[in-house]
Every structure is written in C-alpha cells, then in structure tokens.
There are 2 protein chains.
Amino acid sequence: MSIQHALLTSLLEKPSSGYELANRFDHSIGYFWQATHQQIYRELARMADAGWLLAEHDATGTSRRKKTYHVLEAGRRELARWIAEPGDPGRSDQALLIKLRAEAVLGPLGASQELHRLIALHKTRLQMYRDIEQRDFPAADMDHAQKLRHAVLRMGIKTEENWLAWAKETLPLME
Amino acid sequence: MSIQHALLTSLLEKPSSGYELANRFDHSIGYFWQATHQQIYRELARMADAGWLLAEHDATGTSRRKKTYHVLEAGRRELARWIAEPGDPGRSDQALLIKLRAEAVLGPLGASQELHRLIALHKTRLQMYRDIEQRDFPAADMDHAQKLRHAVLRMGIKTEENWLAWAKETLPLME
DNA sequence: AGTGCCATGTAAATCGTTACATGATTGT
DNA sequence: ACAATCATGTAACGATTTACATGGCACT
C-alpha cells in the first residue's frame with residue numbers, strides 16, 4: 001500500500017530511474033521491503049500521472065529510453081502527510097522505518113508521535129503474550145509438544161521485547 | 001502460499017468451522033499470520049476438493065449451515081511433506097513457527113533442518129548489516145539525519161540478533 | 001420484535017507474480 | 001561480433017482486499 005512512499009523517500013535521497021530503484025531495493029530499504037521491477041514501474045508511472053514525480057527523459061543521442069524521476073512539491077507534501085498519518089497496525093512497524101528515513105531527508109514531521117503510538121501498542125501486546133505464557137506454560141511439567149508451542153510464543157515475546165528496546169534507543173533521536 | 005498449512009495445523013489441533021478458524025486466527029497462530037475469512041473459506045474449499053479435508057455438515061434440525069472440517073490422511077501427508085521442504089526465504093521465518101506447531105501435533109519430521117538452515121541465513125545477514133554499520137556509520141561525527149538512518153539499520157541488526165538468540169534457545173528442543 | 005453474533009458465501013477491484021518481449025549501451 | 005547488463009514495458013494469471021448479501025440462532 002505504501003510502496004509509493006518508500007519510492008518517494010528513495011527518490012528524495014537520490015533521483016533515479018526505475019531500474020536503479022529496483023536494484024537499490026536490494027540494499028537499505030530493500031532489506032525490509034522487496035518489490036519487483038514491474039511493481040516499481042507501475043507505481044512510478046502512477047505517481048508521475050498524479051503529479052508527484054517528474055520523469056526526466058535522458059535523451060542521449062538517438063534513444064531516450066532512460067527516465068530519471070524527480071520528486072515534485074506535490075510528492076513531498078504527500079510524503080509529509082503520510083508521515084503524520086497513523087498507518088494500519090500490522091504493517092506500521094515497517095512503515096515507521098521508512099518514516100524515519102523520510103524524516104532524515106525532510107526534517108521532523110510527526111513520526112515521533114507514531115513511535116509513541118507503536119510503543120503503547122507493543123507494550124500491550126507484550127503484556128498479552130506474557131499473560132498467556134503464565135496461564136498456559138508452567139515452568140515445569142511440560143511435555144515435548146508443549147515445549148514446542150512455548151517456543152513459538154517465546155518468539156512473540158522476544159520480538160516484542162526487542163522492538164521495545166530498539167524504540168528506547170531510538171526515542172532520544174526524535175524530539 | 002502456505003496459509004493452507006497453517007490451517008491444516010490449526011485443524012489438527014482442533015477440528016473447526018471456517019468461522020471458528022477466522023476467530024482463532026486472532027489468537028495463537030494469528031499473532032503472526034492474519035487471514036481474512038474469505039481467504040480461509042476459499043482455502044478450506046480447495047483443500048476439501050483436494051481430499052485433504054473432510055467437511056462434516058452439522059445438520060441441526062432444518063438448517064445445515066455449519067461445516068466442521070477434519071484433516072484426512074492426505075492432509076496429514078501434505079503437512080508432513082511441507083515441514084521438511086526448505087521454503088522460500090522471506091516468509092520462512094514465519095513458516096518455521098507453524099512447522100514447530102505442526103511438529104507438536106505430528107511428531108518430528110525435519111523442522112530441525114529448517115532451523116539450522118535459517119540460522120546460517122540469519123548469521124550471514126547479521127554479518128552483512130554489521131559490515132554496513134562499520135562502513136557507513138562511524139561512532140562519532142554523525143549528524144541528525146545520519147543518526148536516523150543508523151536507527152533503521154539498528155533495527156535490522158537487533159532483529160537478527162534476537163532471532164539468533166531465540167534459535168539458540170529453541171535448538172535443544174529439536175533433535 | 002429487535003439486536004448481536006454465528007456462519008458462509010459471491011462479486012468486483014486491486015495487487016502481486018511470472019513470463020514474455022524489446023532494444024540500447026558497454027566492454028571484450 | 002558477442003555477451004552481459006542496462007532499461008522499460010505488456011500480458012496473463014492468481015491472490016488479496018473490500019464490499020455486499022444472506023440467513024440462522026440466542027437472548028432480552
């Protein structure tokens with residue numbers, strides 16, 4: 001849904017062609033988001049239609065295949081709007097990472113509120129997992145099957161703890 | 001792709017209707033996988049067609065709406081086959097969790113190999129992130145924008161470290 | 001009689017994946 | 001001349017999401 005915003009951020013960092021973005025997505029942002037080149041070309045075309053991007057045709061000699069996309073003011077506004085927007089739970093963790101990168105280029109625009117919101121959400125979820133752990137997984141007397149199910153829950157707990165530890169580290173960076 | 005195997009596992013734990021599964025997916029497995037009821041109904045119908053499931057029509061009085069699905073031998077075989085299968089990178093972390101739950105019901109069928117494979121994969125990825133950190137993010141002299149980009153990378157690093165810590169905890173459970 | 005939850009489904013629109021296709025540029 | 005890589009796109013298919021639709025059952 002917000003592959004567009006990831007692309008906008010990437011283009012703000014450096015104006016590029018679709019091909020370059022497809023390769024760039026193997027680095028940095030691409031560690032969290034993967035996108036095929038068709039997805040990228042489609043979204044670039046749409047954003048150009050919407051007036052968020054300008055396609056600069058590199059007319060080198062006879063051919064003018066390569067297009068370098070630049071973010072226009074409307075694109076900047078859209079990205080700024082999105083940063084402040086709550087974002088749906090489930091994908092908002094990944095979205096926050098893009099929001100941080102976007103703020104690195106655009107300056108502070110409300111991502112810290114998103115961070116606070118997500119901290120509350122993850123604290124609630126962690127507490128819920130811990131309650132389940134206490135209820136369903138006594139320290140002793142677990143058979144093998146139960147230990148396996150416990151391991152699955154442990155992953156959930158550790159993931160939440162880890163996320164919160166990262167948030168604590170990251171919070172001071174955002175005013 | 002393997003919403004089917006998540007459903008098979010859930011149905012082995014307890015034969016259920018589509019509606020019950022849709023709600024159950026808000027608990028346990030549903031902490032990691034979310035699926036809409038249409039997805040669930042579609043896959044249940046397919047798996048029943050394929051002979052993996054039997055739909056028991058609860059004919060209470062005049063109406064026979066509710067169907068309780070039971071896993072058939074072919075379904076058990078398919079799940080066993082899938083547990084041993086490598087699984088595509090990207091979704092294989094989540095898949096492993098389902099494989100653990102599946103083995104809790106079916107007994108050991110090769111998930112430990114998957115765990116070893118993923119440990120190697122995560123170690124490689126962690127090393128790559130750490131290399132990037134050393135190359136691009138010196139301990140001192142970072143401006144605000146760079147600190148934000150560093151925070152994004154830190155999330156990647158911490159996620160890998162956390163995953164590996166979990167794997168170390170979990171390894172002894174699997175022969 | 002009405003509200004809310006149980007229970008299943010169809011249909012349309014959008015998104016994502018895979019395959020196919022084309023041609024330019026760069027280096028050997 | 002040839003291969004590799006740069007660069008963009010169309011088409012088909014399948015999956016997912018969202019909206020719509022239906023009706024039973026339980027409780028008050």
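Both backbone and side-chain heavy atoms feed into the values below; hydrogens, waters and symmetry mates do not. Below, chain A is the first sequence line, B the second, and so on; all start at residue 1.
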To the nearest Å, how far apart are [X] [atom1] and [N] [atom2]?
{"X": "B:His37", "N": "D:dT22", "atom1": "NE2", "atom2": "P", "value": "15 Å"}
{"X": "A:His57", "N": "D:dA7", "atom1": "NE2", "atom2": "P", "value": "15 Å"}
{"X": "B:Arg91", "N": "D:dA15", "atom1": "CZ", "atom2": "P", "value": "12 Å"}
{"X": "B:Tyr19", "N": "D:dG24", "atom1": "OH", "atom2": "P", "value": "17 Å"}
{"X": "A:Asn23", "N": "D:dT5", "atom1": "CG", "atom2": "C1'", "value": "10 Å"}
{"X": "B:Ile3", "N": "D:dT17", "atom1": "CD1", "atom2": "C1'", "value": "12 Å"}
{"X": "A:Gln4", "N": "C:dG16", "atom1": "CD", "atom2": "C1'", "value": "14 Å"}
{"X": "B:Glu43", "N": "C:dG9", "atom1": "CD", "atom2": "P", "value": "14 Å"}

Lys/Arg N to Asp/Glu carboxylate O, [X] vs [Y], below 4.0 Å:
{"X": "A:Glu56", "Y": "A:Lys66", "value": "no"}
{"X": "B:Glu103", "Y": "B:Lys99", "value": "no"}
{"X": "B:Glu78", "Y": "B:Arg81", "value": "yes"}

With no angle test and no hydrogens, is the base of D:dG9 tied to the side chain of A:Arg42 by a donor-acceptor pair under 3.5 Å? no
Among C:dT8, D:dA15, C:dC15, which is the nearest nucleotide to the side chain of B:Lys67? C:dT8
Nearest to side-chain heavy atoms of A:Ser17, which nucleotide of C:dT8, D:dA7, D:dA15: D:dA7
May I ask you to evaluate whether B:Gln39 reaches the phosphate of D:dT17, defined as a side-chain N or O under 4.0 Å from OP1 or OP2? yes
Phosphate contact (C:dT8 OP1 or OP2) by B:Tyr41 side-chain N/O below 4.0 Å: yes
Mind checking whether A:Trp52 and A:His5 have parallel, tilted or perpendicular rings, split at 30° and 60°? tilted
Using heavy atoms to find the nearest nucleotide of DNA chain D for B:Arg46 and B:Gln38 separately, return the residue whose nucleotide is more 5′. B:Arg46
Regarding B:Asp93 and B:His122, do their side chains bring together a donor and an acceptor under 3.5 Å, going by distance alone? yes
